[in-house]
Amino acid sequence: MAKIQMKTPLVEMDGDEMTRVLWSGIKEKLICPFVDLKSEYYDLGLPHRDETDDQVTKDAAEAIKKYGVGVKCATITPNAQRVEEYKLKQMWKSPNGTIRAILDGTVFRAPILVNGIHPTVSTWKKPITLARHAYGDIYKNTEMRAPAGSRAELCVTDKDGNETRTLIHDFAGDGIVMGMHNTDASISGFARACFRFALDCKQDLWFSTKDTISKIYDHRFKDIFAEIYENEFKAAFEEAGITYFYTLIDDAVARVIRSEGGFIWACKNYDGDVMSDMVATAFGSLAMMTSVLVSPDGNYEYEAAHGTVTRHYYRYLNGEQTSTNPVATIFAWSGALRKRGEMDDLPELQAFADKLEKATIDTIEGGVMTKDLIGLSTIENKRGVNSDEFLDAIAENLAKTL
């Protein structure tokens with residue numbers, strides 16, 4: 001069969017360790033045999049980020065602004081041990097955080113559901129989508145050590161040079177201090193993205209922070225969401241028969257556990273990071289979670305929501321076969337190709353993305369799966385296979401479908 005053609009490149013961001021190996025296999029077996037892939041390639045592997053002083057990450061983000069769609073492999077955010085292991089110049093920041101800071105927007109994460117794998121929370125019957133604010137807070141913080149006897153103050157200098165100060169803490173002993181920020185523009189973009197996404201999906205929207213404790217910072221999020229909802233989206237929500245409500249983060253957690261799912265849960269940056277992992281694990285696996293960053297100006301970045309699977313990578317380097325789950329990375333590719341097809345009016349490319357996802361789910365429901373899913377699946381005659389065998393089985397199903 002002739003390969004499906006593309007008009008505009010998408011931005012391809014390679015990554016680290018075992019997911020980098022899977023990335024290559026997915027392209028080789030599931031994408032390039034069927035699609036005449038056009039991509040602008042950026043190597044976000046840790047050695048190349050170090051070599052370029054992390055400029056490659058910034059260049060990749062700017063390329064997404066240019067082309068509108070990107071797909072990203074999982075990458076290492078180095079700690080002190082990684083700095084030593086890779087002999088890095090410095091402890092580079094999270095590439096995801098850098099890209100999100102440049103693109104702004106909101107990260108939407110949702111579980112990939114397959115028959116035979118049931119959520120740990122018995123009441124959950126429908127997917128729960130996490131909407132995570134993708135700018136600021138702890139991911140763009142400034143932090144310092146505070147030696148004994150020091151005073152830490154928060155100081156804001158206005159455009160006329162006037163200072164407003166407030167005491168953080170007088171340190172009798174050694175300690176630490178951190179400052180973080182956000183902007184009204186970014187919070188507003190986050191709110192509008194969540195409201196639009198809810199209308200598109202016809203699902204209720206929940207938003208949660210801790211404004212009872214953070215009476216200025218978190219309360220600003222709450223107020224902006226309320227103002228935008230009342231002035232711009234309330235009528236559309238009522239017409240669609242869906243609801244928006246705000247509640248405290250601890251109350252939201254309790255409500256989520258008791259719910260049947262089927263809604264969007266909007267969280268600040270760190271809350272969304274943690275809660276999306278909780279939801280993904282409770283639905284089955286971090287490797288069974290979609291993730292897309294949507295910027296206010298309509299750019300999209302698709303990625304797997306999990307790490308680089310370091311333990312499997314060390315086994316791979318020793319020549320061992322691994323059974324690493326590539327589903328989230330496959331769905332990152334399918335999501336990016338579908339969006340590229342939508343933007344370029346290529347229905348054949350959109351249909352390919354749909355069929356790639358169906359072939360992946362059909363393979364698992366047909367009893368062929370990576371070993372992390374064996375203990376979760378209740379279907380009969382299931383078989384745990386290594387990563388290459390799993391990709392081969394998907395490729396066979398995909399070829400039949402096409």
Side-chain angles (χ1 to χ4, degrees), residues 17-19 21-23 25-26 29-30 73-74 108-130 256-263 275-292 302-313 315-316 320-335 353-401:
E17 298 188 322
M18 200 63 218
T19 45
V21 176
L22 294 175
W23 190 265
I26 290 167
K29 298 182 178 185
L30 303 181
C73 183
F108 294 95
R109 290 180 172 172
I112 301 164
L113 302 188
V114 297
N115 291 329
I117 297 179
H118 306 289
T120 304
V121 182
S122 60
T123 57
W124 290 356
K125 308 300 181 188
K126 305 172 186 176
I128 296 170
T129 299
L130 254 293
V256 166
I257 295 300
R258 293 194 302 264
S259 77
E260 66 170 20
F263 56 87
M275 295 305 170
S276 64
D277 281 2
M278 183 270 288
V279 168
T281 303
F283 267 103
S285 170
L286 284 173
M288 301 289 286
M289 190 85 163
T290 64
S291 181
V292 55
Y302 295 81
E303 62 179 343
H306 57 72
T308 59
V309 203
T310 305
R311 180 171 54 88
H312 286 197
Y313 182 61
R315 290 173 51 194
Y316 169 81
E320 299 178 39
Q321 290 282 355
T322 69
S323 185
T324 314
N325 190 333
V327 171
T329 307
I330 294 170
F331 272 63
W333 272 103
S334 63
D354 294 340
K355 291 172 182 177
L356 174 56
E357 292 180 0
K358 185 177 186 303
T360 303
I361 292 173
D362 286 350
T363 301
I364 298 171
E365 293 181 347
V368 179
M369 61 194 74
T370 48
K371 293 177 182 176
D372 62 311
L373 300 180
I374 286 289
L376 301 173
S377 176
T378 59
I379 66 172
E380 297 180 359
N381 302 318
K382 56 194 173 186
R383 177 166 63 95
V385 296
N386 64 42
S387 302
D388 284 335
E389 292 168 337
F390 184 58
L391 292 177
D392 288 339
I394 296 172
E396 183 178 345
N397 281 333
L398 179 60
K400 291 176 183 176
T401 304

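Numbering of residues begins at 1 and proceeds along the displayed sequence.
Annotation for P111 and M289: closest pair N-SD, 3.6 Å, computed over non-hydrogen atoms. Smallest separation of non-hydrogen atoms from G262 and I128: N-CG1, 4.4 Å. The two residues E357 and G335 have their closest heavy-atom pair at OE2-N, 4.3 Å. Listed here is the closest heavy atom pair of V256 and S259: O-OG, 2.8 Å. Taking all atoms of both residues into account, the shortest heavy-atom contact from A305 to D277 is O-OD1, 4.2 Å. The shortest heavy-atom contact between V121 and I257 is CG1-O, 3.3 Å.
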Exercise. Side chain to side chain contact (heavy atoms under 4.5 Å, CB included) between K355 and L398: does it pass, once the steps are laid out?
Worked result: CA-CA 7 Å; K355 291 172 182 177; L398 179 60; 4.1 Å; yes
For this session: For T308 and Y313, run side chain to side chain contact (heavy atoms under 4.5 Å, CB included): C-alpha distance rounded to whole Å, both residues' side-chain angles, the deciding distance at 0.1 Å, then the answer.
Result: CA-CA 8 Å; T308 59; Y313 182 61; over 6 Å; no
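With sequence neighbours excluded, the residues satisfying salt bridge (Lys or Arg N to Asp or Glu O under 4.0 Å) with K126 are E260. Residues satisfying the ring pair (Phe, Tyr, Trp, His ring centres under 6.0 Å) criterion with F283, sequence neighbours excluded, are W124. Legend: residues meeting salt bridge (Lys or Arg N to Asp or Glu O under 4.0 Å) with E320, ordered by chain and number and at least two apart, are R315. Take E389 and apply the salt bridge (Lys or Arg N to Asp or Glu O under 4.0 Å) test, not counting sequence neighbours, and it matches no residue. When the ring pair (Phe, Tyr, Trp, His ring centres under 6.0 Å) test is applied to F263, the partners found at least two apart in sequence or on another chain are W206. By the side chain to side chain donor-acceptor pair (under 3.5 Å) test, S291 pairs with R109, sequence neighbours left out. The salt bridge (Lys or Arg N to Asp or Glu O under 4.0 Å) search around D362 returns K358, not counting sequence neighbours. E396 pairs by the side chain to side chain donor-acceptor pair (under 3.5 Å) definition with nothing, not counting sequence neighbours. Annotation: side chain to side chain donor-acceptor pair (under 3.5 Å) contacts of D388 (sequence neighbours excluded): none. Contacts of Y302 classified as ring pair (Phe, Tyr, Trp, His ring centres under 6.0 Å), with partners at least two apart in sequence or in another chain: none.
Rounded to the nearest 0.5 angstrom, I26 CD1 and I394 CD1 are separated by 8.0 Å. To the nearest 0.5 Å, atoms CD1 (I364) and CG (N397) are separated by 11.0 Å. To the nearest 0.5 angstrom, T310 atom OG1 is 15.0 Å from Y316 atom OH. Expressed to the nearest 0.5 Å, how far CG of L22 lies from CD1 of I330 amounts to 8.5 Å. Taken to the nearest 0.5 Å, the CG atom of L130 stands 7.5 Å off from the CE atom of M278. Interatomic distance, NE2 of H312 versus OG1 of T322, reported as 6.0 Å (0.5 Å rounding).
Contact annotation: the side chain of F331 never approaches that of V292 to less than 4.5 Å [non-hydrogen atoms, C-beta and beyond].
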May I have the list of side-chain donor-acceptor pairs in residues 112-120 shorter than 3.5 Å, sequence neighbours left out?
unit_1	atom_1	unit_2	atom_2	d
N115	ND2	E365	OE2	3.3
H118	NE2	T378	OG1	3.4
T120	OG1	A282	O	3.4

Give the table of side-chain donor-acceptor pairs shorter than 3.5 Å for residues 367-375, with sequence neighbours excluded, one pair per line with atom names and distance.
unit_1	atom_1	unit_2	atom_2	d
T370	OG1	D372	OD1	2.6
D372	OD2	N325	ND2	3.0

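Side-chain atoms of S387 come within 3.5 Å of backbone N or O of T324 as a donor-acceptor pair.
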